[in-house]
Amino acid sequence: MKKHNFFAGPAILPEIVKKNASKAALNYKNKGLSLMEMSHRGPEIVSIMETAESLVRELLNVSDKYAVLFLTGGASSQFFMSAMNLFKAKDKVAYLNTGTWSTKAIKEAKHYGDLYEVASSKDKNFNYIPRNFKLKGGTKFLHVTSNNTIFGTQIKTFPKTKALMIADMSSDIFSRPIKVDDYGLIYAGAQKNVGLAGVTLVIVRKNLLGKTGRHIPTMLDYQTHIAKNSAFNTPPVFPIYTTMLNLQWIKAKGGIKAMAKRNKEKANLLYSEIDANPLFVGTTAKRDRSHMNVTFLLKDEKLNKKFLTKCKKAGIVGIKGHRSVGGFRASMYNAMELSSVKALVKVMKSM
Ligand SMILES: *Cc1c(COP(=O)(O)O)cnc(C)c1O
């Protein structure tokens, strides 16, 4: 039976990506070796890394001022690595706290700069994005989480500020157009909307680096990885290959604008049902509703079990909400087809 994969991450991949990754796992381009068995210094892998980088640049319109890196350690390592590489100890840096991931980023980054929380939506269990906050004069960077995977909110209009933004885009990169020039650094764990766990994408403005005055361990210094094209040590080749395949798929589908249109269509369908169906209620402020992770509740909790059973029968997986919100969460990344959202809506209508 066809499964409808609504997991938040690791998450759904396009069929063609899985098919081609499987082929490469057994016998890469008929060379008699698995991609997993090949030297990362060989021409095949070097070419994969170059293709992946050029697709990132093409799809997001990344200029030469920026380096594109494929690192390890997950988005969680970028919480401290971004701060360690960009902030001088006395730099004023603002963090917008919109959920679990922002909170974790603050915890790690505060050791490297004069960090303050500029606004927070903790007062309402992070169910909205704060607006109209003012940065302190002289603030150098503003860190934001573009999409809050757990709570189901998404920044729709990025704040206009003099500070350069640093963004955790782990769960919505490549889902909609962005203006890279507004950012000092963008990072994203690949396992939500890009590819497999094991690789983290970093896009960093090169002229910001090497200015902190602090010692940075070799492996944690972006400049190390820039100098060696993300192959200073053995890179996670297979996750990078899967990322490359996924970016090729995005390009073939019409690029980022086409993804945004597709994601909007899916989100509109599901949110309309949540609003129209008297049994369900959304958990976030309407104007901040994420197109990637849709969080909702059954008004009568006693129906939860019945709903989950019906979902299971329809092949719907990964719908259970995160423990900090409860209820349900439908993650609908790029790879999800509209037909899967229709399957979920059908179950909701049948309750
Ligand atoms: C999942 C997630 C992370 C953590 O990513 P890891 O790669 O597991 O470290 C960080 N930020 C956001 C927004 C996420 O969704």
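Below, all heavy atoms of this structure are taken into account, side chains as well, without hydrogens, waters or symmetry copies. Read the numbers this way: they start at 1 and go in the same order the structure lists the ligands and their atoms.
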Within 4.0 Å of some non-hydrogen atom of Gln191, the atoms of ligand 1 are 5 (O), 6 (P), 7 (O), 8 (O)
Is there a side-chain contact between Val56 and Phe70, using heavy atoms and a 4.5 Å cut-off?
yes
Considering the heavy atoms of Thr145, write down every atom of ligand 1 situated less than 4.0 Å from one of them.
13 (C)
Is there a side-chain contact between Ile150 and Ser324, using heavy atoms and a 4.5 Å cut-off?
yes
Of all the non-hydrogen atoms in the protein, which one sits nearest to atom 11 (N) of ligand 1, and at what distance?
Asp168 OD2, 2.6 Å
List the closest protein heavy-atom neighbour of atom 9 (O) of ligand 1: residue, atom name, distance to the nearest 0.1 Å.
Ser76 OG, 2.6 Å
Paired with Glu337, the salt bridge (charged side-chain N to carboxylate O under 4.0 Å, His left out) test is passed by just one of Arg262, Lys266, Lys342, namely Arg262
Under 4.0 Å from a heavy atom of Gly74: give me the atoms of ligand 1 that qualify, with their elements.
7 (O), 9 (O)
To the closest 0.5 Å, what do you measure between CG (Asn193) and CD1 (Ile173)?
9.0 Å
Closest to atom 2 (C) of ligand 1 among protein heavy atoms sits Lys192 NZ, 2.4 Å
Treating Asn27 as the side-chain partner and Lys31 as the backbone partner, does any N or O pair qualify as donor plus acceptor under 3.5 Å?
yes
Among all protein heavy atoms in this structure, tell me which lies nearest to atom 15 (O) of ligand 1, with the distance rounded to 0.1 Å.
Thr149 OG1, 2.4 Å
Verify the ring-centre separation between Tyr95 and Phe141: is it less than 6.0 angstrom?
no
Looking only at protein heavy atoms, what sits closest to atom 5 (O) of ligand 1 is Ala75 CB, 3.5 Å
